[in-house]
Amino acid sequence: MDPAPSIMELRRDSKAGSPEQEPPWQALPVLSEQQSGAVELVLAYAAPVLDKSQTSRLLKEVSAVHPLPAQPHLKRVRPSPDPGRPHSLEMLLCLAGPARDSRSLAELLPRPDVDTRGLGQPFLVPVPVRPPLTRSQFEEARTHWPTTFHEDRQVTRALAGCLFSAQERAAMQAHMERAVWAAQQAASRGLRAVGAVVVDPASGRVLATGHDCSSSASPLLHAAMVCIDLVARGQGCGAYNLAPHPACSFAPAVRAGSVHKLDEDEDGLPYVCTGYDLYITREPCAMCAMALVHSRVRRVFYGAPSPDGALGTRFRLHARPDLNHRFQAFRGILEAQCRRLDPDGLDTKA
Ligand SMILES: [Zn+2]
């Protein structure tokens, strides 16, 4: 028996089903360090093109000598940033070494590979070391040196707050309302008010609803850990005794379609949360975030950050190139309601 109200009941209560009425929250992507960080610069040598008729020949010869394989995003030629200068173009020659001293054309461009006719005295210029990943990084990068930009349209739309349709937002709100309900059940029992829901986005089916069950005897039963265990229980596994917590429930697993072969453990079974979404009222701590990496969750939606959160605040464990699973994280779903609930963390409830 499922003690939680159904999605339709929640929808009726909150009147969130009306497509005209935009819910007052925004789902914002939690980007990787590389996506959200400032543009990193490295010094390079450039030179003015004094004879424009030599540009294409110089471009070919300089690129052959210094191909810049790690910086394919850098354009080789830019208009002179100072219109008052006699030359109208500048050419990127090569990256500067650690010495960063002034060099002559002869030192930078060996003869006979490059005929330096038409180039002026080299100068040092900071250039973006990596391709820009977001539009704001691109805007910053191009103030230093022109770069190409292969825009990740999903990230751009997500940053503009228009990644999800009104229908998707209504479903997201309903799932988070269920997580808030679970958190309130925990609070009414004197437990830490953190709630979570696992959903199969392919069917919209809620597979697990859980709240923080930690106590001095079992201090690690955070809401996300409880939910992962409940999903495992739906698959015939599970380890925790959650019988004393009636608000924690699960639905038996029905795996529709095929799960990708690579995403299986050594027994040939898919990892416990492969393809699933987690909704959680507050940002998961490092333990929960790593458990979500291990369980191969697809996306995590959380309402408000936690001071020790590991999906944006202290760490971004969902977007690390050195871990073998990455997932998308979004914050801000029903943020105002979730902010009034407890944060997730490893300390005991005060
Ligand atoms: Zn936790």
Side-chain angles (χ1 to χ4, degrees), residues 1-7 10 171 174-260 263-282 284-302 311 325 327 344 346:
M1 203 180 76
D2 185 355
S6 75
I7 287 171
L10 285 164
H175 295 315
M176 190 60 91
E177 280 166 352
R178 194 178 174 95
V180 168
W181 172 85
Q184 288 161 347
Q185 295 300 303
S188 72
R189 300 165 70 87
L191 299 166
R192 189 200 293 260
V194 183
V197 169
V198 175
V199 178
D200 179 357
S203 62
R205 208 158 154 261
V206 173
L207 300 176
T209 304
H211 58 68
D212 193 294
C213 299
S214 53
S215 61
S216 50
S218 315
L220 304 181
L221 292 185
H222 292 193
M225 306 296 282
V226 166
C227 269
I228 292 169
D229 198 71
L230 287 165
V231 174
R233 190 162 295 220
Q235 296 166 3
C237 307
Y240 302 151
N241 174 23
L242 299 170
H245 305 288
C248 297
S249 63
F250 66 92
V254 186
R255 285 260 177 200
S258 61
V259 172
H260 199 277
D263 212 8
E264 293 174 342
D265 65 17
E266 56 273 18
D267 301 323
L269 295 166
Y271 290 97
V272 70
C273 289
T274 300
Y276 296 159
D277 291 344
L278 177 89
Y279 291 79
I280 186 162
T281 49
R282 297 284 295 260
C285 70
M287 171 185 74
C288 291
M290 270 315 288
L292 291 164
V293 171
H294 289 310
S295 72
R296 303 292 193 267
V297 77
R298 176 174 175 245
R299 297 183 295 186
V300 170
F301 298 90
Y302 64 85
L311 298 183
H325 178 67
F327 55 86
D344 191 45
L346 284 171

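None of these values were measured; they are calculated from a predicted model.
Atom NE2 in H222 sits 4.0 Å away from atom CE in M287 (nearest 0.5 Å). Atom CE in M225 sits 6.0 Å away from atom SG in C288 (nearest 0.5 Å). The line from CG of L207 to CG of L230 is 10.5 Å long, rounded to the nearest 0.5 Å. Here the CG atom belonging to D200 is positioned 9.0 Å from the CZ atom belonging to R298, to the nearest 0.5 angstrom.
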**OP:** Kindly indicate, with the supporting measurements, whether the criterion side-chain contact (heavy atoms from CB on, under 4.5 Å) is fulfilled by C213 and L242.
**Re:** CA-CA 8 Å; C213 299; L242 299 170; 4.2 Å; yes

**OP:** Go through I228 and V272 one step at a time and tell me if the side-chain contact (heavy atoms from CB on, under 4.5 Å) criterion holds.
**Re:** CA-CA 7 Å; I228 292 169; V272 70; 3.7 Å; yes

**OP:** Tell me, with the steps shown, if Y276 and V231 meet side-chain contact (heavy atoms from CB on, under 4.5 Å).
**Re:** CA-CA 10 Å; Y276 296 159; V231 174; 4.0 Å; yes

**OP:** Let me see the working for H175 and V206 under side-chain contact (heavy atoms from CB on, under 4.5 Å), right down to the final yes or no.
**Re:** CA-CA 8 Å; H175 295 315; V206 173; 3.9 Å; yes

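Shown here for P219 and S214, the closest heavy-atom pair between the two residues is O-CB, 3.5 Å. Scanning all heavy atoms of the two residues, the minimum distance from P284 to A289 falls at CB-N, 4.2 Å. Of all non-hydrogen atoms in T209 and R178, the two that sit nearest each other are OG1-NE, 2.8 Å. Here the closest non-hydrogen pair linking Y271 and H294 is CD2-O, 3.6 Å.
In this structure, the side chain of Q235 does not engage the main chain of P252 through any donor-acceptor pair within 3.5 Å. The main-chain N or O of G195 is found under 3.5 Å from a side-chain atom of T281 such that the two form a donor-acceptor pair. The backbone N or O of V297 sits less than 3.5 Å from a side-chain atom of H325, completing a donor-acceptor pair.
A196 meets the side-chain contact (heavy atoms from CB on, under 4.5 Å) test with A223, C227, L278, I280; sequence neighbours excluded. For F301, the side-chain contact (heavy atoms from CB on, under 4.5 Å) partners are F164, M172, D277, Y279, R299, F330, I333, not counting sequence neighbours. Considering only residues two or more places apart in sequence or on other chains, S295 meets the side-chain hydrogen bond (donor to acceptor under 3.5 Å, both in side chains) condition with none of them.
Among residues at least two apart or in separate chains, salt bridge (Lys or Arg N to Asp or Glu O under 4.0 Å) pairs with a member in residues 214-238 are D229-R233. Residues in residues 183-210 take part in no ring pair (Phe, Tyr, Trp, His ring centres under 6.0 Å) pair, two or more places apart or across chains. For residues 181-190, no pair satisfies salt bridge (Lys or Arg N to Asp or Glu O under 4.0 Å), with sequence neighbours left out.
In this structure, R205 and V199 have side chains that are not in contact, with every pair of non-hydrogen atoms separated by 4.5 Å or more. The shortest side-chain heavy-atom distance between L221 and S215 does not fall under the 4.5 Å cut-off.
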